[in-house]
Amino acid sequence: MTKACLHALFARGQPVAFSRSFWPLAASWRRGETPENRPWIGQSGRVMHAYRTHNCGELRKSDVGAEVRLSGWVHRVRDHGGLLFIDLRDHYGLTQCVIEPGNSEFPMAEALRAEWVVRVDGRVEARSGDTVNPNLPTGEVEVRISALEVLSEAEELPLPVFGEPDYPEDIRLKYRFLDLRRETIHNNIIKRAAIIASIRRRMIDAGFFEFQTPILTASSPEGARDFLVPSRMHPGKFYALPQAPQQFKQLVMVSGFDRYFQIAPCFRDEDARADRSPGEFYQLDIEMSFVEQEDVFNAVEPVLRGLFEEFGGGKPVTQEFPRIPFGEAMRKYGTDKPDLRNPIEMSDVSEVFRGSGFKIFAGLLDKHKGGRPWFENAEVWAIPAKGGGSRAFCDRMNSWAQGEGQPGLGYIFFRNGEGAGPIAKNLGEDLTAKLRDELGLADGDAVFFVAGVPKDFADFAGRARTKAGEDLELLDKDRFEFCWIVDFPMFEWDEERKKIEFSHNPFSMPQGGLEALETKDPLDILAWQYDIVCNGVELSSGAIRNHKPEIMVKAFEIAGYDRSVLEEKFGGMLRALTYGAPPHGGIAPGIDRIVMLLCGTENIREVTMFPMNQQAEDLLMGAPGDVSPEQLRDLHIRLNLPKS
RNA sequence: GGGGGUGUAGCUCAGUUGGUUAGAGCGCUGGCCUGUCACGCCAGAGGCCGCGGGUUCGAGUCCCGUCACUCCCGCCA
């Protein structure tokens, strides 16, 4: 790319790709660099910058003959005795520099070690045909070193930057600044930044305003454990870090701002998982006024679809997110976060088995009947597995099920035009054929069965579906399959405390409003509550909120909370609803999980710059740490540590 | 709080049935090498086998305990 060409691109305001492969993402997203803030480019009698005239991903054949200055890290040294190569690396790329023994700087070049920071001056030279490196954007040229300055030395590395093997987490975290120089995670972090920038752009373009909400706020009685911050001015009282800006965003709507979003930090003092940082994470927090569920869907769906099309590496993205009621999701997929890349759908085949010759299932169906479907009545579900029609596969599934603590996994597999296996034998030819036809199966396929009361086996059935789909390689991994899960129940039975509880957010609006609360069985009431699921990952949860105080009072009453509790715990929210609250609703997609899906990683630490370890310790900064007695005295705190 | 996995050189790992002086690759140190790009070749240094206890003539290896990291369950409105 010539300088004239660069100028032309800058003038049109286009981003310029300086390099394409070493830090490909970093380079292609580079923006805003203009000739004005790079005064040494393209001018005669050029000003020589203290550190660089070009970055390490920038030089091309068209630069041959130029005297340039580069600064960066020594990525790799190849010493041939009579000839020495230095791969110089920075954020933008890699440039090969070369020096020969006659040069007065050669002794210094020989002393260089990996990750030293150096400045190199030299002339850009073309590489001869057979020495061109087609794997590097700068591979047609090299810099013939004329001067060399060590800007910073590095001790022997606890963690090499060159190469991409796995390293222990504790070392990676303790030396995160080295880890972050490595190509894959460096690109992930840059991609995260670009994703967040794109989200902001899309939200602002759609008419949303980004507002900040407090970090020091009040402890919330619902949900997770709070992080507490002691108050110096109010002895014995505590702030809490927000678990989410839930109440604030509703207050923003009551305050008349109409459309809010925020890349919001959320704090929850709960244990970590691979996909869940301990302590803190980010949500794309969204709230809108004068909307119904459909309006929220219409606002959010294009943002996510666009985002995944922009950053998903060309993998197909669901064009219209299907809406699946919670109850249907549980029956078809055994989970409220189905991976729709798995084509297997389960179905209720109880009627085939009722009174049949397969006495185990027939007996179960006979024993548990006449009660509440799902909670009390027995059913038999079929999990059709195309291509699973071998005894070996069916036995493998069966022993897997036993490993899951199940008695086993019944099956029929089809071959030579008939069903095989013990169930088929007992069921008889006609019913087996009926099953095969109803489920659309043929020779070479299998079907697995789970039986009992659905509320007890649905989760296991779902895992069996996942296992069958993955083992038979029925999933197309190279796509993003989205769906909405809708119509969640408003309440659920809390088996431990033997009482009715909110099943999601207590601020959600029940479908049917006050009338439903007053007339229906609470466990039958649905909420305007929804999730977005992508490839089996729950990306976000949202709701149309309850904006009427009398409905809120009634809903809390059903969950066993007196009006006084509501007033004590959510006084501010309740007060806000009594002075003209607009109907409103929103959602809060998890940023970290979106980035994980788009980076194709299972571990959240691969998309987080400075994560804590599983014990919620920051090994680089040493958090949590001790504080001085003076600090504690200021806060009116005396430690009462556990013994041992 | 509970369960699983891992822990041997700076790093990644091997180490057989309990048996002599614990090995390899990368890195490091020194030497050789003018076209490499995971450069190559030669030599060398480097070990509390996580820690503590036990069994045994003998433990990296078996047993018990403990610590660290990690994955999962609980938890995460």
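We name chains A, B, ... by the order of the sequence lines, and we start the count at 1 in each one.
Residue A:Glu169 places its side chain closer to B:C69 than to any other of B:C69, B:A77, B:C72. Comparing B:C37, B:A77, B:G35 by their nearest atom to the side chain of A:His504 picks out B:A77. Which of B:C72, B:U70, B:C11 sits closest to the side chain of A:Pro168 comes down to B:C11. In the set B:C37, B:C76, B:C11, B:C11 carries the atom at the smallest distance from any side-chain atom of A:Ile171. Nearest nucleotide to the side chain of A:Ala244, out of B:A68, B:C72, B:A77: B:A77.
A sub-4.0 Å separation between OP1 or OP2 of B:C37 and a side-chain N or O of A:Arg89 is absent. Taking 4.0 angstrom as the limit, A:Arg78 places none of its side-chain polar atoms (N or O) nearer than this to OP1 or OP2 of B:U36. Listed pair A:Arg273 / B:C73 meets the phosphate criterion, a side-chain N or O lying under 4.0 Å from OP1 or OP2. The side chain of A:Gln615 contributes an N or O atom lying less than 4.0 Å from OP1 or OP2 of B:C69. The phosphate of B:A68 (OP1 or OP2) has no side-chain N or O of A:Asn613 nearer than 4.0 angstrom.
Side-chain atoms of A:Arg268 come within donor-acceptor range of the base of B:A77, with a qualifying N/O pair under 3.5 Å. Between the side chain of A:Glu100 and the base of B:G35 there is no donor-acceptor pair of N/O atoms closer than 3.5 Å. Counting atom types as modelled, A:Asp170 pairs no side-chain N or O with a base atom of B:C69 as donor and acceptor under 3.5 Å. For B:G74, the base has a donor-acceptor partner in the side chain of A:Asp271 [N/O atoms by modelled type, under 3.5 angstrom].
Taking the six-membered ring for Trp and thresholds of 30 and 60 degrees, A:Phe502 and A:Tyr561 have nearly parallel ring planes, at less than 30 degrees apart. Relative ring orientation between A:His547 and A:His584 is described as perpendicular, the plane-to-plane angle rising above 60° on a 0-90° scale split at 30° and 60°. Using cut-offs of 30° and 60° for the angle between ring planes, the A:Tyr530 and A:Trp484 rings count as perpendicular.
Nucleic acid contact for A:Glu142: base, since at least one base atom lies under 4.0 Å from a heavy atom of the residue. Residue A:Asn603 is classed as a sugar-phosphate contact, given heavy-atom separations below 4.0 Å to backbone atoms only. The residue A:Arg172 sits apart from the nucleic acid: no heavy atom pair falls under 4.0 Å. Within 4.0 Å of A:Phe502, counting heavy atoms only, lies no atom of the nucleic acid at all. A:Arg144 comes within 4.0 angstrom of a base, heavy atoms only.
Contact check on A:Arg113 versus A:Glu155 returns no salt bridge, with no Lys/Arg side-chain nitrogen under 4.0 Å from an Asp/Glu carboxylate oxygen. The existence of a salt bridge linking A:Asp271 and A:Arg276 is excluded, since no basic side-chain nitrogen approaches an acidic carboxylate oxygen closer than 4.0 Å. A salt bridge is absent between A:Arg89 and A:Asp87: the closest approach of a Lys/Arg side-chain nitrogen to an acidic carboxylate oxygen does not fall below 4.0 angstrom. For A:Arg463 and A:Asp459, the salt-bridge test passes: some basic side-chain N is under 4.0 Å from an acidic carboxylate O.
Summarising the geometry, the separation between CZ on A:Phe85 and P on B:G35 is reported as 8 Å, rounded to the nearest angstrom. Between A:Asp275 atom CG and B:C75 atom P the separation is 16 Å, expressed in whole Å. We find that CG of A:Asp179 is positioned 14 Å from P of B:C11, with the value rounded to whole Å. For the pair A:Gln614 CD and B:G2 C1', the interatomic distance rounds to 13 Å; values are reported in whole Å.
With a 3.5 Å ceiling on both atom-pair distances, the Watson-Crick or G-U wobble partner of B:C69 is B:G5. When both pairing distances are held under 3.5 Å, B:U61 makes no Watson-Crick or G-U pair with any nucleotide shown. Nucleotide B:U16: unpaired (no Watson-Crick or G-U wobble partner with both distances less than 3.5 Å). In this entry B:G10 has B:C26 as its Watson-Crick or G-U wobble partner, both defining distances falling under 3.5 Å. The partner of B:C41 is B:G31, judged by Watson-Crick or G-U wobble contacts that both fall below 3.5 Å.
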### Task
Going 5' to 3' through nucleotides 27-33 of chain B, assign each nucleotide B (protein heavy atom under 4.0 Å from a base atom), S (under 4.0 Å only from sugar-phosphate atoms) or - (no protein heavy atom that close).
SSSS--B
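Results of the side-chain hydrogen bond (donor to acceptor under 3.5 Å, both in side chains) test with A:Asp121 over A:Arg52, A:Arg144, A:Arg69 single out A:Arg69 as the only residue that passes.
B:C28 and B:A9: their C1' atoms are spaced 11 Å apart (whole Å).
Geometric assessment of A:Arg76 against the ring of A:Phe162 yields a positive cation-pi assignment under the 6.0 Å and 45° thresholds.
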